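Working notes, beginning with the structure itself.
As a basis for the values below, the full set of heavy atoms in this structure was taken, side chains included, without hydrogen atoms, waters or symmetry mates. Nothing here was measured: the structure is a model prediction, and the numbers come from that model.
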Amino acid sequence: GYQNQVSYRAEVSSKVEYDFDAIRPLKGLKASVFMGYNYLHTTDRNYLEAYQIFKYDPKSMTALQQTSLGISENNFNRSSSLGWNLMLRPQLTYDREFGKHNVSGLFLFERYNTYGETMTGYKKGFFSDYPVDISTGLAESNPASGSFNHTGMASFAGRISYAYDKRYLAELTFRADGSYKFAPEDRWGYFPSVSAAWRLSGEDFMKDVTWTDDLKIRISWGQSGNQTGLSDYAWVKMFSTEYYTWTEDGFDKAVPAVGSATSIGYEDLKWETTTQTNLGIDWTMFGGRLTATVDAYYKYTDDMLMTVD
C-alpha cells in the first residue's frame, strides 16, 4: 500500500501606516491598517493492500492462515481539508502633549473570519493497485462524511487617556464585540471601563520623603465579555440525519430522515459579562530595590454560560 499527502499553504500579512505629524493641527495622529491571511489545503490518499500470511505451529505441524493487519480486502481512503482565516484591523492612534497636559487615544475596528471544510470517503474491494480511487471500489462499507464551518467576529474598541503633570491620570475605554455564536438580536455585547490614578510622589508634600521613589493610588471599574465554551451557532436548534444504504435489502426506496436533536438551541443566549471594581496602591522605594503592590477588588459575573448535562 501507500500513503500520500499534499499540502498547499499561504501566509500573508501586511501593515500600512501614515503619520500626520506634517499637518500641524493633526500632529500626534497616526492611521494604520493591518491585514493577515492564512490558507491551508491538504489532501490525503491512503491505500492498504490485503495479503495473507501463514504462521507455522510446530505442535500441530500445520500452517495457520492469518489476515495481514486485520484487513480482509484492499481498501482506500481519500480525504481533503481546506481552510482559511482573515483578519482586518484599521485603527487610529493619537498622542500629544500640551504643556503639562497629555492626551492620547485609540480607536480601532477588527474583523476576523474563518472558513473550513473537510471530506472523507472510504471504499474497499479493489482488484488493482492502479488506478485507485473511490469510484473504482466495489463495496461501500462507510458512507462519505464531512464537515463545514464558517465563523466570524467583529469588534469596535476605543480608549481616551488624560494626564496632568504626570500626577493625575484618567482613562476611559469602550469595547463592542459581535459574535456569530449568538442570535442576531443578542449578537453584540458592550463593555465599558473607567479608571483614575493619583501619583502622590509627585506632590510637594512628598518631596522630603526621599526613600519613596514612586507612590500611586488607583481605582477602576470595568466590564468584560466572554463566549468561551459555546459551540458554533449555539443558538440554533440542530438535528441529526438518519442515512440508509440503498443497496441493502429493504432500503431501496429509503430516503434520509431527520433524527434526534443534537442541540437544543437557545435564542436568548447572550454574552457572559464580568464586572470588576478595583482599588490599588503601587509603591516603589529605596531606588527601586523594594516594590509593593496592594489590590482590593470586587468581581461579579452575570449571565454565566454553562453546559448542563
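Using a 4.5 Å cut-off on side-chain heavy atoms (C-beta onward), Trp271 and Gln227 make contact. The shortest distance between side-chain heavy atoms of Asp21 and Lys30 does not fall below 4.5 Å. Here the side chains of Phe107 and Phe156 are in contact, with some heavy-atom distance below 4.5 Å. Counting heavy atoms from C-beta on, the side chains of Phe191 and Phe174 never come closer than 4.5 Å. The shortest side-chain heavy-atom distance between Thr120 and Asn77 falls under the 4.5 Å cut-off. Contact annotation: the side chain of Leu269 approaches that of Leu305 to within less than 4.5 Å [non-hydrogen atoms, C-beta and beyond]. Within the 4.5 Å cutoff, no side-chain heavy atoms of Leu26 are placed close to those of Tyr94.
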Might you work through the side-chain contact (heavy atoms from CB on, under 4.5 Å) test for Asn38 and Arg9, ending with a clear yes or no? CA-CA 8 Å; Asn38 294 308; Arg9 179 188 297 271; over 6 Å; no
Working for side-chain contact (heavy atoms from CB on, under 4.5 Å), residues Trp221 and Thr275: CA-CA 7 Å; Trp221 174 92; Thr275 303; 3.3 Å; yes
Evaluate the criterion side-chain hydrogen bond (donor to acceptor under 3.5 Å, both in side chains) for residue pair Thr274 and Thr301; output intermediate values, then yes/no. CA-CA 4 Å; Thr274 298; Thr301 299; 3.1 Å; yes
Please determine whether side-chain contact (heavy atoms from CB on, under 4.5 Å) holds for the pair Asn46 and Asn75, giving the CA-CA distance in whole Å, both sets of side-chain angles, and the decisive distance to 0.1 Å. CA-CA 8 Å; Asn46 301 317; Asn75 65 74; over 6 Å; no
Pair Ser161, Arg159 - check side-chain contact (heavy atoms from CB on, under 4.5 Å), show working. CA-CA 7 Å; Ser161 302; Arg159 184 191 74 237; 3.6 Å; yes
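Proximity of a side-chain donor or acceptor of Asp165 to a complementary backbone N or O of Arg167 within less than 3.5 Å is not detected. In this structure a side-chain-to-backbone donor-acceptor pair under 3.5 Å is present from Arg187 to Ser179. Side-chain atoms of Asp214 never come within 3.5 Å of backbone atoms of Trp283 as a donor-acceptor pair (strictly under, hydrogens ignored). Between the side chain of Glu272 and the backbone N or O of Asn226, no donor-acceptor pair lies under 3.5 Å.
No more than 12 heavy atoms of other residues, nucleotides or ligands shown are found within 6.0 angstrom of CD on Gln3. Shown here is Ile160, whose CD1 atom has no more than 12 heavy atoms of other residues, nucleotides or ligands within 6.0 Å. More than 12 heavy atoms of other shown residues, nucleotides or ligands fall within 6.0 angstrom of atom CG in Asn4. Within a 6.0 Å radius of CZ in Arg96, more than 12 heavy atoms belonging to other residues, nucleotides or ligands are found. No more than 12 heavy-atom neighbours from other residues, nucleotides or ligands sit within 6.0 angstrom of OH on Tyr297. Within a 6.0 Å radius of CZ in Phe148, other residues, nucleotides and ligands contribute more than 12 heavy atoms. Applying the 6.0 Å contact sphere to NZ of Lys270 captures no more than 12 heavy atoms from other residues, nucleotides or ligands.
Considering every non-hydrogen atom in both Tyr190 and Gln223, the closest pair reads O-OE1, 4.0 Å. What you find for Thr210 and Asp213 is that their closest heavy atoms are O-OD1, 4.5 Å. Here the closest heavy-atom approach between residue Gln91 and residue Leu108 is recorded as CB-CB, 3.5 Å. In terms of heavy-atom proximity, Arg199 sits nearest to Lys166 at NH1-O, 2.7 Å. Closest approach of Ser80 to Thr43, counting heavy atoms only: OG-CG2, 3.9 Å. When every heavy atom of Ser7 is checked against every heavy atom of Leu40, the shortest pair comes out as CB-CD1, 4.4 Å.
The existence of a salt bridge linking Arg218 and Asp295 is confirmed by a sub-4.0 Å separation between a basic side-chain nitrogen and an acidic carboxylate oxygen. For Asp177 and Arg175, the salt-bridge test passes: some basic side-chain N is under 4.0 Å from an acidic carboxylate O.
Using a 30° and 60° split on the angle between ring planes, His101 and Tyr164 fall in the tilted class, from 30° to 60°. By the 30° and 60° cut-offs, the orientation of the rings of Tyr2 relative to Tyr47 is tilted. Taking the six-membered ring where tryptophan is involved, the planes of Tyr39 and His41 are perpendicular, since the angle between them exceeds 60° and thus also 30°.
Leu279 and Tyr300 end up in different hydrophobic clusters when Ile, Leu, Val, Met, Phe, Trp and Tyr side chains are linked at under 4.5 Å. Connection of Leu200 to Phe286 is established within a shared hydrophobic cluster, with ILVMFWY side chains joined at heavy-atom distances below 4.5 Å, either directly or through further cluster members. Following chains of ILVMFWY side-chain contacts shorter than 4.5 Å, one cannot reach Val194 starting from Val103, and the two form parts of different hydrophobic clusters. Hydrophobic clustering of Ile, Leu, Val, Met, Phe, Trp and Tyr side chains at less than 4.5 Å, counting indirect connections, keeps Phe34 apart from Val16.
Under 3.5 Å, the side chains of Thr118 and Ser147 contain a donor-acceptor pair of N or O atoms. Side-chain atoms of Asp303 and Thr273 include no donor-acceptor pair closer than 3.5 Å.
Here Ile219 contributes atom CD1 and Ile281 contributes atom CD1; the two are 11.5 Å apart, rounded to the nearest 0.5 Å. To the nearest 0.5 Å, atoms CD (Glu110) and CG (Leu88) are separated by 9.0 Å. A distance of 11.0 Å separates NZ of Lys299 from CG of Asn278, quoted to the nearest 0.5 Å. Interatomic distance, CG of Leu169 versus OG of Ser195, reported as 8.5 Å (0.5 Å rounding). Taken to the nearest 0.5 Å, the OG1 atom of Thr114 stands 6.0 Å off from the OH atom of Tyr112. Of the inter-residue distances, the one linking Tyr8 atom OH with Thr42 atom OG1 reads 10.0 Å to the nearest 0.5 angstrom.
Remark: aromatic rings of Phe20 and Tyr18 are close, center separation under 6.0 Å.
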